[in-house]
Protein chains: 2
Amino acid sequence: MGTIMKLGTGAVTKRPTLKTVAEKTGLAVTTVSKALNGAPEIAAKTRLLVENAAREIGYVPDRAAQRLRTGKTNVISLVLSPHDEILGFSNSLTLGLSRALRATNYNLLVTPSFEESTEIKTIEKIVRNKMADGIIFSRTEPFDERVRLLIENNFPFVCHGRTELSSTHSFVDFDNEEFARLAVSQLANKNRKRLFAVMPDRKFTFYGHLKYGFTSAAADIGVSYEVPDDVNLDSAPEEIYACIARRIEKGTCPDGFVCAGEVAAMTIMACLSDHDLLVGRDVDIVAKQTSRVFDHIRPRVDTIIENIAEAGAMMGKMLLDDISNPNAPREGFVQRPESELLL
Amino acid sequence: MGTIMKLGTGAVTKRPTLKTVAEKTGLAVTTVSKALNGAPEIAAKTRLLVENAAREIGYVPDRAAQRLRTGKTNVISLVLSPHDEILGFSNSLTLGLSRALRATNYNLLVTPSFEESTEIKTIEKIVRNKMADGIIFSRTEPFDERVRLLIENNFPFVCHGRTELSSTHSFVDFDNEEFARLAVSQLANKNRKRLFAVMPDRKFTFYGHLKYGFTSAAADIGVSYEVPDDVNLDSAPEEIYACIARRIEKGTCPDGFVCAGEVAAMTIMACLSDHDLLVGRDVDIVAKQTSRVFDHIRPRVDTIIENIAEAGAMMGKMLLDDISNPNAPREGFVQRPESELLL
DNA sequence: TCACAAATTTATAACGTTATAAATTTGCAG
DNA sequence: CTGCAAATTTATAACGTTATAAATTTGTGA
């Protein structure tokens, strides 16, 4: 039943195990194991001998056996919500995460939830069946049940976004309040007076940050503002389109848009264009930029950059830290807007 | 060292194993194992007893132990090239794959290669260390070394794109020749006479298909055509932009573009727009559409749809089939363009 | 050279599962 | 009832690793 190898040489051999290395070196299996794991009691001479032998015959530890014995999976699970699929978000997050895991021997398991409501089950399953050593997810809510579950089970995780729970936990978030303030001020500089913002669903923590930043900045500057409650970033593009079209037709079109998502911004632009309104002349838009799509879109739109790939990399790094130091205090990090998007 | 569970009840218990179920039912561990695996020799009554007991105490088999014992990993590895990161491709592929794996107990491992040149090493490692039961990858070449390696090692895989190797293997491809013919004919219908195509890198199999479809259709219809050799779909957007800009400035701008990638199409559009050329009036573009971005881009562009998510789902399904029937003959599938993109 | 501690190596068991072969129970013909 | 085959259950070993505790070797001071 052993795994057959036929790489390189063309010869068919069984995959080498600790036993193979032990036989080759004349040492005990235990010694070989310890030598390869850097146990301090192994003599330097022995360690060298073992390392050479192992390298020579191409020994690689069997993950399944290690996992069975130690309970460590060497797997990080990225749990995706159905909405994460849109455009770059999950893509960039995955990219960043991969980078963080690159030089380690952790693997990235992607676990999609097909319905928002089953995501907690997905996570429960991962915890209960110990399918990973840590979890990454996004779209965090103020009293997020996933966060509660994971804290309760003392299971390492890093989420994208903050909570309002009293227990601290690791997270990476973007300074959405600052984003909104900047956006408002850019629009005000262009002399826009009637601002309109497409926000995330109310249930997410970052809705609050964005809304506060948006409304307070607009109030400070003294321009009118509006946060619609019939559309949000998760709305179907058609709904957003229809919402804006309605405004235009009723003659109540805003002149400045703050848009916290790329797709929504594109949809708004399409709608404006279809109604012969010109960005830069009749209205202005400030969009959150998380990918390079806007580089190729005309007319050009003002953007404020959130670097998701970097967030992913940080989350990965933090998670690995949390896994290796289970009792260290947890902390969060809040990203600032960047001036250029480097991927 | 056993895994501690603290789900639901709040009680702290060890994770149940076959042994737990055996004790509860008064049967032997072996019997329980067989009952749960549907072995034919187990009495119906016993099977029921075991199933109930297992459900009751929430028994879930330990993957690591199964894997160690059977050699089966229950993992599918998606090996990504650095270029796959762009826009929707890997995203859609992942989505489709996840769907195919959804109701199974396979997990999706995402394994990025950070350099094109190390991808073969990545695959070798997966094979050698039996990190997965099967592999998915894209950007297939006519004499693809990855395909060779995997066939040689008798390792299940499905690639996106065909090869010209004599051994058959599983693949899913898109009918790029048909795509190119359709594109040319749409442009000809709009009375475009000087066609230009942005193609994939020469090394890929689908370069050949696209090029043949493009050139032969153009020749049949009798319009002039050109396939530049200084830019391709993997070129930096700036290079594509510069290439088109040069044409426009020299007064040798084509009037019809066939573009086999979304980002490249957007880049061309941006360049045209920056030079006051209007799509639909001065030039026309036919783009390959693999996501919904074009729904939100103005002016509207003609697209021909390649459904990558569906390709991903098929690849997943084929791979699972291949894994369970190691000796069945392998076959490929060629997708046709679709009229509407359903994700 | 001996005693004894320190350094190093080793044997054993265990993680949870399943393949194999052996043991037991059941059913049925005689 | 008995005997025997068929049906069903079970004991044992093994997958490759590491934690634990025990055994051995080495080094040191007297």
Side-chain angles (χ1 to χ4, degrees), chain A residues 1-5 13-51 53-54 57-74 105 128-131 133, chain B residues 1-5 13-51 53-54 57-74 105 128-131 133:
Chain A
M1 278 299 318
T3 309
I4 300 301
M5 290 207 327
T13 2
K14 257 192 169 179
R15 189 169 170 220
T17 70
L18 284 180
K19 202 171 150 200
T20 327
V21 182
E23 275 158 10
K24 188 177 162 75
T25 55
L27 292 161
V29 169
T30 312
T31 314
V32 175
S33 170
K34 287 183 162 172
L36 292 173
N37 288 303
E41 71 263 32
I42 298 294
K45 193 178 67 173
T46 309
R47 168 168 303 125
L48 226 62
L49 173 68
V50 170
E51 278 167 356
I57 66 180
Y59 166 78
V60 186
D62 181 307
R63 277 285 161 69
Q66 287 184 317
R67 180 166 163 178
L68 173 61
R69 184 62 244 237
T70 63
K72 196 155 190 304
T73 64
N74 279 100
N105 50 17
R128 167 169 270 134
N129 303 357
K130 190 67 206 299
M131 289 168 62
D133 295 333
Chain B
M1 276 299 320
T3 309
I4 301 301
M5 288 206 329
T13 3
K14 257 193 171 178
R15 188 170 172 219
T17 70
L18 284 181
K19 202 171 151 201
T20 327
V21 181
E23 276 158 8
K24 186 177 164 74
T25 54
L27 292 162
V29 169
T30 314
T31 314
V32 174
S33 169
K34 287 184 164 173
L36 292 173
N37 288 304
E41 72 263 30
I42 297 295
K45 194 178 67 172
T46 310
R47 168 167 304 126
L48 226 64
L49 173 69
V50 170
E51 279 167 356
I57 65 180
Y59 167 77
V60 185
D62 182 307
R63 278 284 161 68
Q66 288 184 316
R67 180 166 164 179
L68 173 60
R69 186 60 244 239
T70 64
K72 194 154 191 306
T73 64
N74 279 99
N105 50 15
R128 168 169 270 136
N129 303 357
K130 192 66 207 298
M131 290 168 61
D133 295 332

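- With values rounded to the nearest 0.5 angstrom, B:Leu49 atom CG is found 11.0 Å from B:Ile42 atom CD1.
- With rounding to the nearest 0.5 angstrom, the CD atom of A:Gln66 is 7.0 Å from the CG atom of A:Asn74.
- Atom CG in A:Asn37 sits about 5 Å away from atom P in D:dT18, given to the nearest Å.
- Residue B:Thr70 places none of its side-chain N or O atoms closer than 4.0 Å to OP1 or OP2 of C:dT18.
- When the P atom of C:dG16 is taken as reference, atom CG of B:Leu36 falls 16 Å away, rounded to whole Å.
- Under 4.0 angstrom from either OP1 or OP2 of C:dT18 there lies at least one side-chain N or O belonging to B:Gln66.
- The interatomic distance linking B:Leu18 (CG) with C:dT18 (P) rounds to 6 Å, in whole Å.
- C:dT9 atom P lies 13 Å from atom CG of A:Leu48, rounded to whole Å.
- Using a 4.0 Å heavy-atom distance criterion, A:Ala65 is classed as a base contact.
- Nucleic acid contact class of A:Thr31 (heavy atoms, under 4.0 Å, all strands): base.
- Contact annotation: B:Thr30 side-chain N/O to C:dT18 OP1/OP2 distance is not under 4.0 Å.
- The CZ atom of B:Arg63 lies 15.0 Å from the NZ atom of A:Lys130; values are rounded to the nearest 0.5 Å.
- With D:dT8, C:dT9, C:dG16 as the candidates, the nucleotide lying closest to the side chain of B:Ala43 is D:dT8.
- Note that the OG1 atom of A:Thr46 and the CD atom of A:Glu51 stand 11.0 Å from one another [nearest 0.5 Å].
- Checked by distance alone, B:Lys34 brings a side-chain donor or acceptor within 3.5 Å of a matching partner on the base of D:dT10.
- Taking the side chain of B:Asp62 as heavy atoms from C-beta on, and the options D:dT8, C:dT17, D:dG16, the nearest nucleotide is C:dT17.
- Rounding to the nearest 0.5 angstrom, the gap separating the OG1 atom in A:Thr31 from the CG atom in A:Leu36 is 10.5 Å.
- With rounding to whole Å, A:Lys72 atom NZ is found 17 Å from D:dA19 atom C1'.
- Residues B:Glu41 and B:Ala64 both approach DNA chain C. Their nearest nucleotides, taken by heavy-atom distance, put B:Ala64 toward the 5′ side.
- In this structure, A:Ser33 reaches the D:dT18 phosphate: one of its side-chain N or O atoms is under 4.0 Å from OP1 or OP2.
- At whole-Å resolution of the value, CZ in A:Arg63 and P in D:dC15 are 21 Å apart.
- Note: CZ (B:Arg67) to C1' (C:dG16) measures 15 Å, nearest angstrom.
- Atom CD1 in B:Ile42 sits about 19 Å away from atom P in D:dA6, given to the nearest Å.
- Applying the 4.0 Å criterion to OP1 and OP2 of C:dT9, one finds that A:Thr46 has a side-chain N or O inside that range.
- Rounding to the nearest 0.5 Å places OG1 of A:Thr17 at 8.0 Å from CD1 of A:Ile57.
- Comparing B:Lys19 and A:Ala44 by the nucleotide of DNA chain C whose heavy atom lies nearest to each, the residue mapping closer to the 5' end is A:Ala44.
- For B:Arg69 against C:dT17, a side-chain-to-base donor-acceptor contact under 3.5 Å is absent.
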